[in-house]
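Structure first, then comments.
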Amino acid sequence: MDESKVEQILQNPKFKEMVAKKSRLSWTLTAIRLIVYVGFMLLVGYNKEFLMQSFDGGVITIGLPLCLSIIVLSFVLTAVCSYFANFKLDPFTR
């Protein structure tokens, strides 16, 4: 692809809008993931007693569902990213 076509694409307002939306989505999902993960690590570091509490004297502690919810959140955020990429950002590429 020659330089004039590249420059023409870069100056296209729809391309700029697509890049802005993609960037906003990426930063939002990254912030959510970091806040949850760092929050969990801080909880592990500073409040282990809370995580070691069990539900009604049972075997499962509070830490286990919290840890599993972080894994599920990763899948949910990946699904959200895929949805927006396929249905919101792909029309801009056409």
Is a side-chain N or O of Asn86 found less than 3.5 angstrom from the main chain of Ser82, in a donor-acceptor match? yes
Quick one: CZ on Phe84 to NZ on Lys21, what's the gap to the nearest 0.5 Å? 9.5 Å
Transitive ILVMFWY side-chain link Met18 to Phe87, under 4.5 Å: no
Taking Ser23 for the side chain and Val19 for the main chain, is one N or O donor matched with an acceptor at less than 3.5 Å? no
Same cluster for Leu66 and Leu68 if Ile/Leu/Val/Met/Phe/Trp/Tyr side chains link at under 4.5 Å? yes
Going from CG on Leu29 to OG on Ser74, what distance comes out if it is rounded to the nearest 0.5 angstrom? 11.0 Å
Check for me, please, whether Leu73 and Met41 land in the same ILVMFWY cluster - side-chain distances under 4.5 Å, paths through other members count. yes
Just one of Val38, Ile70, Leu77 clears the side chain to side chain contact (heavy atoms under 4.5 Å, CB included) bar with Arg33, so which one? Leu77
Under the 3.5 angstrom rule, does the side chain of Asn12 hit a backbone N or O of Lys14 as a donor-acceptor pair? yes
More than 12 heavy atoms from other groups under 6.0 Å of CG on Leu10: yes
Within this structure, what is the CZ-OG1 distance for the pair Phe55 and Thr61, rounded to the nearest 0.5 Å? 7.5 Å
Same apolar cluster (I L V M F W Y, side chains within < 4.5 Å links), Leu34/Tyr37: no
Under 3.5 Å, is there a donor-acceptor pair between the Gln53 and Glu49 side chains? no
Distance check, rounded to the nearest 0.5 Å: Ile9 atom CD1 versus Ser4 atom OG? 9.5 Å
Can you get from Ile60 to Val44 by hopping between Ile, Leu, Val, Met, Phe, Trp and Tyr side chains that sit under 4.5 Å apart? yes
